[in-house]
Structures are given as C-alpha cells and as structure tokens.
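Chain identifiers are assigned alphabetically (A, B, ...) following the order of the sequence lines, protein sequences preceding nucleic acid strands; residue numbering begins at 1 within each chain. These values consider heavy atoms only, across backbone and side chains, with no hydrogens, waters or symmetry-generated copies.
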2 protein chains.
Amino acid sequence: MAATIKDVARETGLSLATISKYLNGGHVLEPNRAAIEAAVRRLGYSVNRVARGLKTRRSMTVGVLIPDLENVFATSIVSSLEDRLQRSGYSTLVCDYRQDPVREREKLEFLAERQVDGLVIMPLAGCADGIRRLQERGVPVVLLDRTVAGCACDTVLTDNRKAAREAVDHLLRLGHRRIGLIGGPAGIQTADERLAGYLDAHAARGIDADPALRMAGAYDVESGHRHASALLAMEPPPTALFVVNHEMTLGAAMALVERQVRIPGDMSVVGFDHRDLARVMTPPMSIVLQPLQEIGEAASELLLDRMAGRRTGAPVLLRLPARRIPGGSTGPPQRQS
Amino acid sequence: MAATIKDVARETGLSLATISKYLNGGHVLEPNRAAIEAAVRRLGYSVNRVARGLKTRRSMTVGVLIPDLENVFATSIVSSLEDRLQRSGYSTLVCDYRQDPVREREKLEFLAERQVDGLVIMPLAGCADGIRRLQERGVPVVLLDRTVAGCACDTVLTDNRKAAREAVDHLLRLGHRRIGLIGGPAGIQTADERLAGYLDAHAARGIDADPALRMAGAYDVESGHRHASALLAMEPPPTALFVVNHEMTLGAAMALVERQVRIPGDMSVVGFDHRDLARVMTPPMSIVLQPLQEIGEAASELLLDRMAGRRTGAPVLLRLPARRIPGGSTGPPQRQS
DNA sequence: TTGAAAGCGCTAACAA
DNA sequence: TTGTTAGCGCTTTCAA
C-alpha cells in the first residue's frame with residue numbers, strides 16, 4: 001500500500017543505495033536530488049522505521065513504564081522526558097501497569113520485544129528480573145522515584161527525607177508542636193523517607209513527636225480526607241498538618257474546607273505535589289513541589305549518555321531537591337501559644 | 001546480543017520454520033516442543049516484534065495521540081483504550097502534542113512511520129491532511145472528543161449539549177433563575193456545545209438567560225477561579241453556577257471556599273469531570289461525569305472492527321451520554337424564593 | 001557519486 | 001509435522 005524506497009528508486013531510475021544514502025543525509029548530484037525529492041513527494045513516501053530499525057539494530061525508541069497513566073506525578077515527568085528525548089531523535093513508548101506487578105512484568109517484556117534502546121521505569125516491585133534481562137542485552141535502564149532491590153541502575157528521585165524534614169521544620173519554627181502527619185503506606189520507599197524526614201525535624205529540635213498524630217494513608221484522595229477528618233476530631237487537634245502526596249493533599253484540603261477550618265488561621269498546612277491547590281487557595285496553602293521537570297531531564301540525560309556510550313561504569317543515584325512554595329503559614333492559633 | 005530464532009534453531013537442530021511455527025501456536029512433536037522450550041529458556045530468547053512486523057506488515061500497534069499527557073480527561077480515556085486493545089493483542093503507542101499544532105502534525109507523521117495499524121486521536125486542528133494520509137494507506141482512524149473538518153472518521157464523543165442542558169435544567173427546576181456559566185473558549189467545539197446546552201435549557205422553559213452571567217474561561221484552574229470570583233462579586237450574584245470542565249471546576253470550588261460560600265446552602269454548583277471533588281466535598285458538589293471508560297471502549301471496538309475488516313462503510317458518530325452525580329443541590333436561598 | 005548485493009529476524013508459501 | 005526458500009524495507013559494505 002504505502003510507497004517504499006523501491007518505488008522511489010524505480011521512479012527516479014536510481015539505485016536503492018543512492019536513495020537511502022540521500023534520505024540519511026548523504027550527498028547526491030543536484031539533478032538526482034531533485035528527482036528524489038519529486039518522487040518522494042509524488043508517491044507520498046515516508047520512511048518505514050520498523051524496517052530501518054531491523055537493519056540498524058536501533059529502534060530510536062525509549063520505553064517508559066509508569067504505574068498509572070492517571071497519575072499526574074508520573075505523567076508530568078514523562079512529559080519532560082519525552083521533550084528531552086525527542087530533541088535527540090528518540091521517541092518514547094509509554095506504558096502503564098496499573099499498579100499491578102503482573103502487568104508490570106508483562107509490559108517490561110513487551111518493551112523488550114519492541115527492541116527499545118533504553119528504558120525509564122517508575123517501578124513497583126518484582127521487576128528486578130525483567131530489568132536485569134534488559135541490561136544483559138545492553139539496554140540501559142533508569143529508575144524513577146524509587147530504587148529496586150537487586151538492581152544496579154541509574155536512579156533519579158526526589159530527596160524525600162530532606163524535603164519532609166524542611167517542610168516540618170518550617171512548621172516547628174513557626175511554633176507548632178503538634179503536627180499531624182498524613183503519610184503514605186508503610187514499606188513504600190517514598191512514604192518511609194517522608195516519615196523519616198518528619199521525625200528528623202522533630203529530633204533535630206529535641207521535640208517529642210506524638211505518635212497519635214501520625215497517619216498512614218493509601219496515597220489516595222479518600223484517605224487524605226479521612227485522616228484529616230480524624231486528626232481534626234482529636235482533642236486537642238494538631239495545630240498543623242503535613243500531607244505527603246498529591247491525592248491526599250486534595251483530600252485533606254477538602255476535609256478542612258468542610259469543617260470551615262481556615263488555613264492558616266486555624267491550622268497551618270503543608271501539602272505535597274498539588275500545585276493547583278497552591279495556586280488556587282487564598283492564602284495559598286504551602287506545598288512541597290517535587291522537581292518533576294528536573295527529574296525528567298536528569299533521567300533523560302543519564303539515559304542518553306548511557307545509550308551513546310558516553311557514560312560507563314557504576315550506576316549513579318541522583319537525589320534532587322524539592323522546593324516548597326510558601327503559602328501563608330503562621331504560628332499556632334493564639335490559644336495554643 | 002539478544003538471542004534470535006536462529007540460535008534456537010541451532011540449539012535444537014530444528015529449522016527456522018518449525019521454531020517460528022511453534023512460537024506462533026503451531027503444533028510440533030512433544031520432544032521437539034520440549035527442546036524448543038528448553039532452548040528458549042536457556043538462551044533467554046524473546047521474539048523480535050520489529051522483525052515480525054516487517055514480515056507480517058502488521059505492527060499490532062495502535063497509535064494514540066492526545067493533547068497533553070497531564071490532561072486527566074485524556075489519559076483516563078487512554079487507560080481504558082489500552083485496556084481493551086491489549087485484550088485483542090494490540091499495544092498502544094501513546095504520544096502527546098502539548099496543545100501544539102506543529103507537534104501534532106509531527107507526531108502524526110511519527111506514528112505513521114512507526115507503521116501503526118490504527119490511530120486514535122483527540123485532535124486539535126490542522127491535522128486533517130495527516131489523518132487523510134493515514135487513511136489512504138488503509139489505516140483506520142478514530143477521533144475522540146472532537147470532530148475534524150474535512151475528515152471522514154469514526155468519532156466518539158460525549159453528548160455535550162445534552163449533558164449541559166440537563167445539568168442546567170436541573171438547576172432551573174430547583175428554582176434557580178440566575179445561573180452563572182463558566183464556559184470554555186469560544187470556537188472550541190466542546191465549549192460551544194456546552195454553551196448551547198445551557199441556552200437550550202433556558203429556552204425550553206422560556207427563561208431569559210442573562211448574558212452577563214456567561215463567562216468564557218480558558219479551561220484552566222486559574223480561569224475557573226477568576227470567573228467564579230467575578231460572578232460571586234456581582235450584585236446580585238447568581239444563585240447557581242455551572243462549570244464546564246475539570247480544571248475550571250477545581251478553580252471555582254476554591255473560589256467558593258475562599259469566600260466561605262456554602263454549597264449548596266448559599267449557592268448550588270454543578271461542575272464537570274472532577275470526580276475527586278464530588279467524592280470529597282460534603283455535601284458533594286454535583287458533577288457531570290463524561291463516560292470516560294465508555295468512550296475508550298467504544299473507540300477501541302470501532303477501531304478493532306475496522307482493523308479486522310469486520311466493519312466497512314461510512315464513518316459513524318457516537319455521542320455517548322454523560323451522567324451527573326447529584327450532589328446536595330437545593331433551590332435558591334430563601335431571600336430569593 | 002553511484003550501484004550491486006548481502007542480510008537484519010522473522011513469517012509463509014510450498015514441498016517433502 | 002518439518003524444512004527450504006524467498007522476501008518484508010531498509011542500510012551498508014565494497015567495488016565501480
């Protein structure tokens with residue numbers, strides 16, 4: 001159906017090799033150039049990358065595997081990845097695995113069969129084997145957001161512990177002493193690190209953190225809402241809240257709204273990732289923003305370097321700093337101070 | 001580097017054809033089966049889909065092109081698409097074009113070069129040529145969310161006009177007579193349709209819609225916030241609000257929160273798409289939900305039918321009904337009734 | 001600068 | 001059931 005390089009050869013009377021060479025930036029005599037251009041246009045020829053990839057053994061494609069296409073955190077990074085990779089001529093093959101380890105393995109296999117030249121993955125678990133198989137084939141792999149036990153890969157993530165420590169320290173500095181934590185599921189690396197940061201901040205100031213104020217959420221809107229409600233119902237309630245991901249921050253914000261809690265008048269809140277909330281609430285809620293764009297860029301650079309053979313040797317681990325947009329935080333309400 | 005079917009042939013002493021046949025579900029003698037399995041395992045062989053695609057002239061890949069990877073509306077549909085397509089053995093090649101017509105064209109060309117067997121696109125504009133070129137090659141195309149002038153493709157979208165009409169009629173039935181509209185940009189099909197539905201509802205009841213209550217937003221959080229604020233500041237303010245997309249609904253909700261407007265006590269609100277807000281506010285805000293999953297499924301079915309040649313003939317246009325989750329809407333505040 | 005020819009990994013007649 | 005062979009569209013020596 002579609003025109004091939006053969007058709008162009010026939011139309012122009014030139015050989016396959018000449019057409020191919022010209023198409024790949026080689027030089028041909030001016031009249032030939034014109035003839036090729038004309039034939040390409042007339043035939044509506046466009047290169048078949050599948051065939052090219054078979055021959056060159058490079059697909060010029062990078063596989064990108066994320067937990068969920070509906071996860072803005074993930075897709076924002078993908079967006080930045082794609083941007084950078086495209087500038088170097090690579091395309092991205094984006095897959096999600098719906099938080100499902102079985103699917104994760106399947107997709108990994110699929111990407112391998114598609115002959116990706118590199119892989120960027122935000123891993124769940126149990127994909128160590130699949131990753132190693134790719135690496136054995138010489139396909140460089142970059143991990144995002146989390147590490148994988150038993151996998152020696154370049155890794156790019158947010159310095160979660162430091163981000164959490166600074167966020168909580170900010171609240172402590174304002175005078176808060178009862179800071180509710182809406183954390184993530186125990187055992188999940190990002191959640192553990194953010195919890196550690198919360199504890200670090202308290203420890204650094206010699207303040208006892210009341211364990212009753214620490215909630216382990218499920219990283220979804222509902223648990224943010226539920227745990228915030230529970231914290232608000234405590235007697236006495238905390239004077240501040242630290243919420244550690246995008247979805248739970250929205251949930252918590254809504255719980256506060258329902259109860260007509262004024263931020264930061266009645267309660268200071270530091271959320272996570274939800275830039276929209278920061279933009280929209282007045283005074284703005286303080287939000288820790290992970291460096292999504294930078295993560296994508298760093299991962300791309302690492303991968304491009306590895307694919308080009310410019311970088312060899314031991315895997316690197318990049319912990320990028322988060323930043324916090326200030327919000328209108330104040331100290332605890334008068335009755336507390 | 002990676003093992004090929006040749007290696008398996010050598011290891012087993014069988015021919016390429018036998019291996020290939022077995023790998024594609026053919027029958028071989030039991031001892032041969034065992035030998036192949038063993039060799040595959042030992043070599044870590046996995047099929048090279050690039051090569052297979054070249055031979056079969058089918059990539060078993062569907063291109064998916066959306067305006068933005070960070071657009072939850074789009075990625076939710078993609079998620080459902082992928083789910084369905086995968087069950088039929090197809091993989092999806094997801095691209096976004098960042099709301100950029102140039103990029104849109106480039107990605108379309110890219111997908112064509114990748115030999116996709118079908119395309120699902122949420123189009124922006126000016127892609128009619130690219131789409132036609134694919135169709136000429138025999139690649140079926142399904143449009144999402146919007147139609148494209150000059151393109152005869154199957155199309156799946158929400159019945160926006162009806163959804164808007166019903167949402168607004170609901171408010172009118174409750175007794176509201178001044179209903180603020182936070183609409184989308186004029187000229188954008190979905191925005192125009194939703195505006196038309198708003199007007200329909202008024203017309204059907206013979207009620208004059210005050211043009212001052214109609215705002216044209218930019219489909220982003222900020223404009224939802226700004227226009228909601230402006231409407232609230234009017235004298236007299238509307239008693240109800242209809243907001244027509246995901247981002248603006250969040251913006252409007254936040255504006256209401258800031259001003260301590262109680263929903264639906266002081267103001268009834270019907271939003272759009274933002275399921276999270278519905279789940280999280282109490283009483284829940286009424287939200288029009290587009291049938292994301294159904295859109296994805298319908299688009300997949302159409303595409304699969306076309307790709308399999310099971311469906312031929314004129315393109316179909318599917319307008320799927322939205323549904324509205326109720327919220328706690330009431331009539332206008334007492335002073336108004 | 002151009003062309004002939006081989007071959008990337010795989011599948012699909014066709015023959016045995 | 002198995003094997004032989006040709007060739008998908010392209011790139012890339014190597015020779016002309």
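The neighbour count for A:R41 CZ, taken as heavy atoms of other residues, nucleotides or ligands under 6.0 Å away, does not exceed 12.
Between the CZ atom of B:R52 and the C1' atom of C:dA12 there is a distance of 13 Å, given to the nearest Å. Regarding B:H27, its NE2 atom lies at a distance of 11 Å from the P atom of D:dT2, rounded to whole Å. For A:L16 and D:dT13, the CG to P distance is 16 Å, given to the nearest whole Å. Regarding A:L29, its CG atom lies at a distance of 9 Å from the C1' atom of C:dT2, rounded to whole Å.
For A:K21, taking side-chain heavy atoms from C-beta onward, the closest of the listed nucleotides C:dT2, C:dG9, D:dC10 is C:dT2. Nearest nucleotide to the side chain of A:N32, out of C:dT2, C:dA6, C:dA12: C:dT2. Among the nucleotides C:dC10, D:dT1, D:dC8, the one closest to the side chain of B:V47 is C:dC10. Taking every side-chain heavy atom of B:L14 into account, D:dG3 is the closest of C:dC10, D:dG9, D:dG3. When the nucleotides C:dA4, D:dG3, D:dT11 are ranked by their closest atom to the side chain of A:S20, D:dT11 comes out on top. The side chain of B:A51 sits closest to C:dG9 out of C:dT1, C:dG9, C:dA6. Residue B:V28 places its side chain closer to D:dT2 than to any other of D:dT2, D:dC10, C:dG9. Side-chain proximity of B:T56 to C:dG9, C:dT11, C:dA4: nearest is C:dT11. Comparing C:dA4, D:dG3, C:dG9 by their closest approach to the side chain of B:S15 singles out D:dG3. Side chain of B:T18, nearest nucleotide from D:dG3, C:dC10, D:dC10: D:dG3.
The residues A:D83 and B:R103 are annotated as salt-bridged, a charged nitrogen and a carboxylate oxygen being separated by less than 4.0 angstrom. We find that B:R84 and B:E297 are not joined by a salt bridge, their nearest charged nitrogen and carboxylate oxygen being 4.0 Å or further apart.
With hydrogens and angles disregarded, a donor-acceptor distance shorter than 3.5 Å links the side chain of B:T56 to the backbone of B:R58.
At a threshold of 4.5 Å between non-hydrogen side-chain atoms, the residues B:L143 and B:I121 count as touching. The shortest distance between side-chain heavy atoms of B:V62 and B:V116 does not fall below 4.5 Å.
Across all strands, B:T4 comes closer than 4.0 Å only to sugar-phosphate atoms, never to a base (heavy-atom distances). Within the nucleic acid shown, B:L54 comes within 4.0 Å of at least one base atom, counting heavy atoms only. Contacts of A:Y22 with the nucleic acid, taken as non-hydrogen atoms under 4.0 Å apart, are absent. Nucleic acid contact class of A:V50 (heavy atoms, under 4.0 Å, all strands): none.
Residue A:R57 places at least one side-chain N or O under 4.0 Å from the OP1 or OP2 atom of C:dG9. Phosphate proximity of D:dA6 to B:K55: absent, as no side-chain N or O sits under 4.0 Å from OP1 or OP2.
Place A:N24 and A:K6 on DNA chain D by their nearest nucleotides, and A:K6 ends up nearer the 5' end.
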